[in-house]
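Have a look at the structure below before the remarks.
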Amino acid sequence: MSLLEIENLAIALPAGADRQLAVENISFGLSKGEILCIVGESGSGKSMSANAVMGLLPEGVEPAGGHIRFHGREILHLTEDERIDIRGKSISMIFQEPLSALNPLMRVGAQICEVFEAHGLLTPAERMARAVELLEEVGLPDPDKTIRAYPFQLSGGQRQRVMIAMALALEPEILIADEPTTALDVTTQAQILALIEELRRKHEMAVIFITHDFGVVADIADRVIVMQTGQIVEQGSAEDVLLRPSHPYTKSLIAAIPGMKDKPDTGQTHSQQSPVILSVKNLNKTFSTGGGLFKPARVVHAVNDMTFDLHLGETIGIVGESGSGKSTAGRCIIRLIDPDSGTVRLSDVDLTALNGHALRMARSKAQMIFQDPYSSLNPRARIGRILTEGPIAHGVPRAQALDRARELLSLVGLDPSAVDRFPHEFSGGQRQRIGIARALALDPDVIIADEAVSALDVSIQAQVLDLLADLKARLNLSMLFVTHDLRVAAQICDRIMVMRRGQVVEMGPSAQVLGQPAHDYTRSLLDAIPGRHHEAAMRQSVASY
Amino acid sequence: MMLDGFKRFARNRGAAIGLVILLFVILTAILGPLLYPDSPWKMVQRPFLPPFTMDGLPLGTDALGRDVMAGLVHGARISLLVGLVSTVVALLIGVPIGALAGYFGGFIDDALMRFTEFFQTIPSFALAIVLLAIFQPSLFYVILAIAIVSWPPVARLVRGEVLSLRSREYVEAAMLSGQGTLQIITRQILPNALPPIIVLASLMVATAILLESSLSFLGLGDPNVMSWGYMIGTARTVMRTAWWLSFIPGVAILLTVLAMNLIGEGLNDALNPRLSRKSR
């Protein structure tokens, strides 16, 4: 008998939601020591079924039918008191955002001890000793000291390790991990995945791993469930699902994963011969924080002596982990942040020397596409206003600007009637298209895309990348593409610049940087890409169908 | 979006009750002079007539034989007028100061916030008394004094909102598209900061009504207008023999202020659904 059995589970959404049932007909089992991955895009209901197991459904969302059995005992309709006994002790959970999942005002050690306290186990001294052991087990350096740290003093990966330590405290039989590595850098993600894998082997723990990333699935899953709009569309062993997918949706998801060798090897020499459109020389930016009478300020060199030329029609990718200064570099170039020193020449104009009105006028030639499709559009402005404000500020008559807005909308694949609607009426991918249209409204020469596809689901990501590549070719745009995802960079960039702690460690044609990396850091980034070793096989399988 | 907000608002029973009371007070203020065309200062009967003892004078008469009901009805106008106008004036001072401080930061922020703190450190009621002691006690100056003591919280709130909104990506996009500072503040940032400002404003109306009443009670109000605070003030000497003279306008103040607070809370839940205290 399997450890956990879910049978025909259905969960009802409150009236007025986009569908009646968050999930329906969910049936699967989980055995001891098994890693089960639930994959799907946002809104597919993948987290909902896991939350139902823990009894953590949001307000207004109720189970509508089916069974969840743990060791053969029905746990779907337990009372809160009965649940507390299971939570933590038998089934525990880790979350996506380790910063908001930890109490910022409590030391790490105290938070781990709380788990024992809640179940009335051990004496205070024993709890502390056990906490140290746990921190050691999850691989935190210097557990005796870390135990006294506050969450903000730890990095994202370390926080996630603390979360895992808390989840492991009572040696649960099942660990539910809800996108535990999505907020982390690739190298940290690889470490956390290795940790989960190792703990599972040591404790014979069953793991339900919820993710949207097929690369992660390929790395750790024993069995895979693929979900789409609340239904399981395919389930089976990892090998079967990844290499012999039977459902078209699974195939399309696998095909949408940006691959390392997708970019046809053309145009590099061509674009490098074209004239230089953007020239950055010795760009520097430091941030200093804290500091006082007796304490030196902490100085971070976010951009350290950056120099490069962007040619007409070329795309340069700036890649690096969080905190590497890649976004700061993009913002310095466009003067959203004032650089400390260095020059940025756009065509013939030195952007760093301008101010006020002159800067506003010159900047129309360099526009930006932002990361978060939800905060990059003013929620209280109609799309028409969002797309025309820029041109109107540059003296274009309103009617003409509005005509142009309609044109731009069809250019990015949206209906021109969208001008009369508000941003919240669009999905994330559509909003990102609007963001692209806004960047194009001023007929820029250079576009800086700051993690422009990072917040999107893989299939949407692929569409937006295609759109960008298409627009770039048609309008002869030059682009700086800031991203943390090497696979995305491989797909769209002619040249790649790898940044680490403000320094450019390597720069060269994409194929060279990704194929024969010269720097150790680039190599470690490449190694950490999840699912890398299965990529070729996965690709072939989809292609052969 | 607006309709959703209204539904959420109406679902809150307290807010609905508040709205009914406020509508009643507003109707009284509008229709009052039609029902009681005579001056509320006119003596109509013998003094100290208790309520419900004579037809046509349902709430009796005060120490000088004036109709208490007429006073109450005319006072409603003054209370609402003072509450609304002084709040509008306070917003006109506080919003620009807060917006500039939040948007520009640095030296401008420091200067404007120290200026704001200067007003915040003085107890507002004491400051209002001092201001009215300097000016003549007319309705205009009462409103001005109340506005001057109540804008600092607005400035602080707006500054905080602007500070967090100005780093949003759509604001950066607006900068890049060549829009001027004024346009960015008024078109991109302030509309999104509106919900908490509306909530605060509704509570400020209540505070302003209380302040006006307190000032009138102390005899610092406009001596030519009949207000609820004035009625309580003149009745305080006869509190033990004719308690209803202070009790009745007191209840009117209580209900109006309560209504404003209920509405403010309802607005808060309706406009900031995510912060609603009822979730969970």
Side-chain angles (χ1 to χ4, degrees), chain A residues 16 58-60 327 330-331 334-337 356-381 385-396 401 422-425 431 434-436 438-442 444 447-448 450-452 455, chain B residues 1-8 10-12 95 99 103-108 158 161-198 269-280:
Chain A
E59 192 127 314
S327 283
R331 284 179 152 72
I334 214 161
R335 283 285 301 278
L336 278 175
I337 299 174
H357 184 72
L359 174 66
R360 281 209 288 278
M361 292 300 117
R363 219 158 33 182
S364 71
K365 289 291 156 205
Q367 289 292 303
M368 195 154 183
I369 301 170
F370 295 89
Q371 169 172 10
D372 183 356
Y374 290 91
S375 89
S376 66
L377 303 176
N378 185 344
R380 286 179 190 260
R385 199 186 115 193
I386 290 173
L387 293 181
T388 53
E389 270 171 337
I392 289 173
H394 283 86
V396 176
F422 283 99
H424 68 89
E425 299 173 50
R431 283 159 158 256
I434 295 167
I436 293 172
R438 174 178 57 194
L440 294 175
L442 290 166
I447 286 200
I448 298 178
D450 185 10
E451 300 275 12
Chain B
M1 229 155 67
M2 280 319 266
L3 205 71
D4 274 6
F6 183 75
K7 272 190 202 147
R8 275 200 300 275
R11 220 180 294 145
N12 184 331
V95 170
Y103 188 81
F104 288 106
F107 174 74
I108 295 178
V158 173
E161 286 291 316
V162 171
L163 214 52
S164 85
L165 287 173
R166 71 151 296 174
S167 59
R168 293 285 163 91
E169 290 179 338
Y170 61 81
V171 176
E172 293 189 326
M175 287 177 195
L176 284 182
S177 74
Q179 296 174 41
T181 308
L182 185 69
Q183 192 183 1
I184 290 176
I185 293 179
T186 55
R187 305 256 295 165
Q188 313 286 351
I189 297 181
L190 283 183
N192 288 295
L194 219 48
I197 299 178
I198 292 175
D269 288 353
L271 296 173
N272 303 326
R274 257 168 282 161
L275 299 179
S276 154
R277 295 158 298 119
K278 285 205 171 148
S279 70
R280 246 154 239 287

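Every chain is numbered from 1, with letters handed out A, B, ... down the list of sequences. Side chains are part of it too, since the values below use all heavy atoms of this structure and drop only hydrogens, waters and symmetry mates.
The CD atom of B/Q188 sits 4.5 Å away from the CD atom of A/E389 when rounded to the nearest 0.5 Å.
The residue among A/M361, A/R335, A/R331 with the most heavy atom pairs within less than 4.5 Å of chain B is A/R331.
In terms of heavy-atom proximity, B/R187 sits nearest to A/R385 at O-NH2, 2.8 Å. Of all heavy-atom pairs between A/H394 and B/S177, the closest is CE1-O, 3.0 Å. Smallest separation of non-hydrogen atoms from A/R363 and B/M175: NH2-O, 3.3 Å. Residue A/A393 comes nearest to B/G178 through the heavy atom pair CB-O, 3.6 Å, listed as atom of the first residue, atom of the second, then distance. Nearest heavy atoms, B/E169 versus A/D372: OE1-N, 3.1 Å.
For A/I334, the parts sitting under 4.5 Å from any heavy atom of chain B are the backbone and the side chain alike. Contacts between A/R438 and chain B at a heavy-atom distance below 4.5 Å involve the side chain alone, from C-beta outward.
Remark: B/I108 pairs with B/F104, B/L112 by the side chain to side chain contact (heavy atoms under 4.5 Å, CB included) rule, at least two apart or across chains. For B/N192, the side chain to side chain contact (heavy atoms under 4.5 Å, CB included) partners are A/N378, A/P379, A/R380, B/L165, B/Y170, not counting sequence neighbours.
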